[in-house]
Amino acid sequence: MDLEGLRHRFGGPNVSFRRGPGELTAVDVEHEFGSVSVAFNGAHVLDYKTSRGDSVLWLSPHSNFVPGKPIRGGIPICWPWFGPHSTDPGLPAHGFARLSQWTLSRIGSPENEEGIEGVFELSSSDQFKSHWPHPFHLTYAVSILDGSLDISLVARNLGEQPVTLSGALHTYLGVNRIDQVEIRGLEGCDYLDQLEQLARKRQIGVVVFDREVDRIYLEGPERVQVTGTSAGIPMELLSRGSRSTVVWNPWIDKARRMPDFGDEDYLQMVCVETANAGPDQRRLRPKATHELGVRIRPVMD
Ligand code: TA6
């Protein structure tokens with residue numbers, strides 16, 4: 001649907017559509033509870049501001065904004081696999097959901113809470129058959145609620161066979177300085193170190209950063225807290241449908257190797273990802289659904 005069609009169908013005093021950033025179409029939603037921008041490419045949340053106008057997410061100033069290419073920052077949707085494809089290195093890392101053009105199906109009030117939400121959809125089609133021959137339907141709800149952003153990815157298996165999924169809501173949080181950030185709640189959890197061939201280790205104390213960190217925490221809590229955020233207040237992420245949390249900061253050397261990442265940008269971000277990663281894959285029976293969700297909000301207590 002073109003901009004005119006989108007404006008005609010969904011436009012309103014709090015909802016606007018634009019061509020940009022780059023060649024992408026995006027929707028901006030304003031509400032007393034906050035604001036959010038979502039690109040149709042990947043149903044990619046680009047920006048979320050609290051009701052006070054504090055920006056919560058980090059978006060690379062060097063990102064590609066081209067249909068079919070991943071956006072660096074915000075909240076990429078990793079689906080139907082997390083990381084490299086298990087057998088075919090030629091397939092895109094983190095699956096194809098973040099590379100696909102999603103359809104906006106509604107903007108309105110959430111069912112059970114005050115706020116405003118946009119619902120995006122993606123269905124299996126010939127373009128996916130070559131690397132994912134399983135009929136599926138994805139529904140992605142981005143909700144601005146009182147004091148939080150809620151993200152929900154519901155996958156339905158439309159095929160006759162069970163299917164095994166992995167994935168993540170790959171949230172890039174903005175931080176003031178990564179070497180002053182703490183992630184709390186993962187103390188004592190085992191994790192797989194992606195920098196050491198998935199060696200299994202145990203987290204001692206809060207997670208701090210003085211080097212590249214790329215870890216899949218296992219069986220952690222539903223709630224993790226992050227201090228030192230660019231929002232100026234500690235934030236927490238409450239996960240649903242996930243028993244693994246991925247924590248990543250590329251640090252200096254990897255940042256320099258990434259063209260869509262400034263050399264110093266590692267200082268201003270940390271990824272805390274609500275995931276089905278590592279052993280936390282999900283097997284979906286025919287017609288069954290799985291929800292992977294996260295609620296991002298300032299720490300209240
Ligand atoms: O966040 C975990 C991770 O798998 C890291 O290994 C790093 O590759 C990151 O995702 C970003 O992946 P991308 O494909 O977006 O560059």
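Predicted model only: the values in this text are computed from it and were never measured. Numbering of ligands and ligand atoms starts at 1, following listing order.
E160 approaches P286 most closely through the heavy-atom pair O-CG, 3.3 Å. The two residues S55 and S230 have their closest heavy-atom pair at O-OG, 3.5 Å.
Closest protein heavy atom to atom 6 (O) of ligand 1: D214 OD2, 2.5 Å. Looking from atom 1 (O) of ligand 1 to the surrounding protein, the closest heavy atom is E273 OE2, 2.6 Å. Remark: minimum distance from atom 8 (O) of ligand 1 to any protein heavy atom is reached at K254 NZ, 3.9 Å. Scanning all protein heavy atoms for the shortest distance to atom 3 (C) of ligand 1 gives H94 NE2, 3.9 Å. Scanning the protein heavy atoms around atom 16 (O) of ligand 1, the nearest turns out to be R72 NH2, 2.9 Å.
Between the side chains of T164 and R283, at least one donor N or O lies within less than 3.5 Å of an accepting N or O.
Residue Y172 has no nitrogen or oxygen atom sitting less than 3.5 Å from a nitrogen or oxygen atom of ligand 1, judged on distance alone. At under 3.5 Å, a nitrogen or oxygen of R98, whether backbone or side chain, sits near a nitrogen or oxygen of ligand 1.
Note on ligand 1: E212 sits outside its first shell, no heavy atom being nearer than 4.0 Å.
With sequence neighbours left out, K49 forms a salt bridge (Lys or Arg N to Asp or Glu O under 4.0 Å) with D47.
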Under the side chain to side chain contact (heavy atoms under 4.5 Å, CB included) criterion, do V142 and V29 qualify, and how do the steps go? CA-CA 10 Å; V142 180; V29 181; over 6 Å; no
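Hydrophobic cluster membership of V208, counting Ile, Leu, Val, Met, Phe, Trp and Tyr whose side-chain heavy atoms lie under 4.5 Å apart directly or via other members: V206.
Proximity of M258 to ligand 1, defined as any heavy-atom pair under 4.0 Å, is not found for any part of the residue.
With a 4.5 Å cut-off on side-chain heavy atoms, Y191 and V207 do not count as touching.
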